[in-house]
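Written below as structure tokens is the structure these notes are about.
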Amino acid sequence: MKKIKKIVLAYSGGLDTSVILHWLKEKYKAQVITYTANLGQGERLEAIKEKAKKTGASKVYIEDVRREFCQNYVFPALKAGALYEGKYPLATALARPLITRGLVKIAEKEGAEAIAHGCTGKGNDQVRFEVTAKALNPEITILAPVREWELSSREEEIKYAQEHKIPVEISKESPYSIDRNLWGVSIECGSLEDIWKQPPSDSYQITKSPQEAPDEPAYLKIEFEKGIPSGLNGKEYDPVTLIEKLNLIGGVNGVGRIDLLENRLIGIKSREIYEAPAAVILHLAHKELERLTLDKDTFHFKELIAQKYSELIYNGLWYSPLREALDEFITQTQKVVTGEIKLMIYKGNCEVVGRKSSYSLYKRRIATYGPEDIFDQKASTGFIYIWGLPLKIMAKVKRGDK
Ligand code: ARG
């Protein structure tokens, strides 16, 4: 085995990764460099920096990747219509390849032999980190302390932290495991493991319940340019601000809560709740604009692509040739996905109430039942004769007709 002298650790500042930092130093007698990506998790990153240093990091990296996250991960997934098992907008899953890229980049720059993460052996994230790392640097060693160490509970980790004077704020730790970024919050563990029980209100981080939401509906007008959201209520916004605004408005109105019993890659069924107001709103609006601007065949075919694309993200295959090839297809389809969608949000619901586009394939004079109708109804007779001909012949044969 090659000697490990430097390790780059994906560090969140929570209990697990703090204990890991110390544990790695002891076990490998190596320097541990921490890497924290700012993905809009709403935490004070300065405090994380201090904590990492106090816990013994030889160097601390904090990188603001919010814009890149939106442009290169979130928006491609939005354009693809990627919702895992039809519901989960993939916030956690999309962030993993970006974090791993950061880890590998720093490992190469610092001459580190290994990278490390704090995932358990039961989840999807370990797969995403490690498969991505292999794709980016096939030589790099990947360490997953939680899969091999002797600490088997949170209590033991807390004891370890206290014994080794690792600064952790235990009182602040919630009973849930929470992963948050701009695209959404993923919440599991604690009482959520009882799948018959409604999630308690304290499990939700950024959304109000429908009962607490305002009694008046809110209206949103979202503009898209080639499939990418670019404006809200007549004003242009950069991707990060736009998503933040939608999370806020949606969250206050109780939009974006998802309770999903999902199939993990590792073969376990698990229950996770998600809060993704911006993602829910944008997916709905984007799909509506596609209904208006894409021809039927492309629209239907894209549904198949969406499912495959969501599976690639969920299963850690972001850096795969298939994902890249699908992106080419999707980009081609988005050339006409420019226009505006009007939504009403009210007490947990989000509904499309209007749509427009200069690429609109909806033509009122063709669709109308009013006097301006220009559709030639007689033409349908011939169409139906030919469309129904095979079935008609089969029915005759069945009856024994000549
Ligand atoms: N089930 C989600 C996924 O696999 C989220 C995983 C992380 N969840 C968490 N609460 N830490 O993408």
Side-chain angles (χ1 to χ4, degrees), residues 10-20 36-37 39-43 69 73-74 76-78 80 82-100 117-132 144-147 153-154 157 172-195 197 199-200 202-207 256-276 278-280 283 306-319 323:
Y11 182 73
S12 73
L15 176 65
D16 292 339
T17 52
S18 296
V19 172
I20 289 170
T36 309
L39 291 148
Q41 56 269 57
E43 271 167 23
F69 182 49
Y73 298 81
V74 166
L78 173 66
L83 294 168
Y84 183 65
E85 298 190 335
K87 286 175 97 175
Y88 164 41
L90 295 156
T92 298
L94 281 164
R96 297 304 179 241
L98 177 52
I99 298 169
T100 311
H117 62 73
C119 307
T120 73
K122 295 180 76 173
N124 299 310
D125 284 331
Q126 52 173 348
V127 182
R128 297 170 185 149
F129 273 115
E130 297 183 30
V131 169
T132 304
V146 179
R147 286 202 305 243
S153 68
R154 234 175 79 81
E157 286 185 40
K172 271 204 189 156
E173 297 275 343
S174 82
Y176 309 107
S177 159
I178 300 170
D179 180 63
R180 177 173 168 186
N181 64 46
L182 273 174
W183 201 228
V185 191
S186 306
I187 310 144
E188 61 179 352
C189 302
S191 66
L192 298 170
E193 287 172 0
D194 180 349
I195 61 170
K197 214 176 142 203
D202 75 343
S203 56
Y204 291 107
Q205 310 296 311
I206 62 164
T207 56
R257 291 185 171 186
I258 298 158
D259 180 340
L260 181 63
L261 185 82
E262 73 194 45
N263 289 293
R264 285 191 194 160
L265 175 57
I266 228 78
I268 299 171
K269 279 195 195 289
S270 69
R271 190 247 205 127
E272 182 118 17
I273 59 169
Y274 299 100
E275 295 176 280
V280 165
H283 269 290
Q307 189 187 337
K308 189 71 203 172
Y309 200 98
S310 73
E311 286 169 9
L312 290 173
I313 297 171
Y314 192 85
N315 295 339
L317 299 174
W318 182 261
Y319 288 107
R323 197 271 303 163

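What's counted below: heavy atoms across the whole structure, side chains too, no hydrogens, waters or symmetry copies. Note that the coordinates shown come from a computational prediction; the quantities given were computed from them, not determined experimentally. For ligands, and for the atoms within them, numbers begin at 1 and follow the listed sequence.
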Protein N/O near ligand 1 N/O, under 3.5 Å, which pairs?
residue  : atom   : partner : partner atom : Å
ligand 1 : 1 (N)  : Glu262  : OE2          : 2.7
ligand 1 : 1 (N)  : Glu272  : OE1          : 3.0
ligand 1 : 1 (N)  : Tyr274  : OH           : 3.0
ligand 1 : 4 (O)  : Asn124  : ND2          : 2.7
ligand 1 : 4 (O)  : Arg128  : NH1          : 3.2
ligand 1 : 4 (O)  : Arg128  : NH2          : 2.9
ligand 1 : 8 (N)  : Glu272  : OE2          : 2.8
ligand 1 : 10 (N) : Ser177  : O            : 2.7
ligand 1 : 10 (N) : Ser177  : OG           : 3.3
ligand 1 : 10 (N) : Ser186  : O            : 3.2
ligand 1 : 10 (N) : Glu272  : OE2          : 2.9
ligand 1 : 11 (N) : Ser177  : OG           : 3.0
ligand 1 : 12 (O) : Tyr88   : OH           : 2.6
ligand 1 : 12 (O) : Arg128  : NH1          : 2.8
ligand 1 : 12 (O) : Arg128  : NH2          : 3.0

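No hydrogens or angles considered: nothing links the side chains of Asp179 and Ser186 as a donor-acceptor pair under 3.5 Å. Side-chain contact check for Tyr274 and Glu262: at least one donor-acceptor pair (N or O, by modelled atom type) lies under 3.5 Å.
Using a 4.5 Å cut-off on side-chain heavy atoms (C-beta onward), Tyr176 and Glu188 make no contact. Counting only heavy atoms from C-beta outward, the side chains of Ile273 and Ile258 never approach each other to under 4.5 Å.
A perpendicular orientation is assigned to the rings of Tyr319 and Tyr73, their planes being inclined by more than 60° (bins at 30° and 60°).
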Audit row: Glu130, Arg147, salt bridge (charged side-chain N to carboxylate O under 4.0 Å, His left out) steps and yes/no: CA-CA 13 Å; Glu130 297 183 30; Arg147 286 202 305 243; 2.9 Å; yes
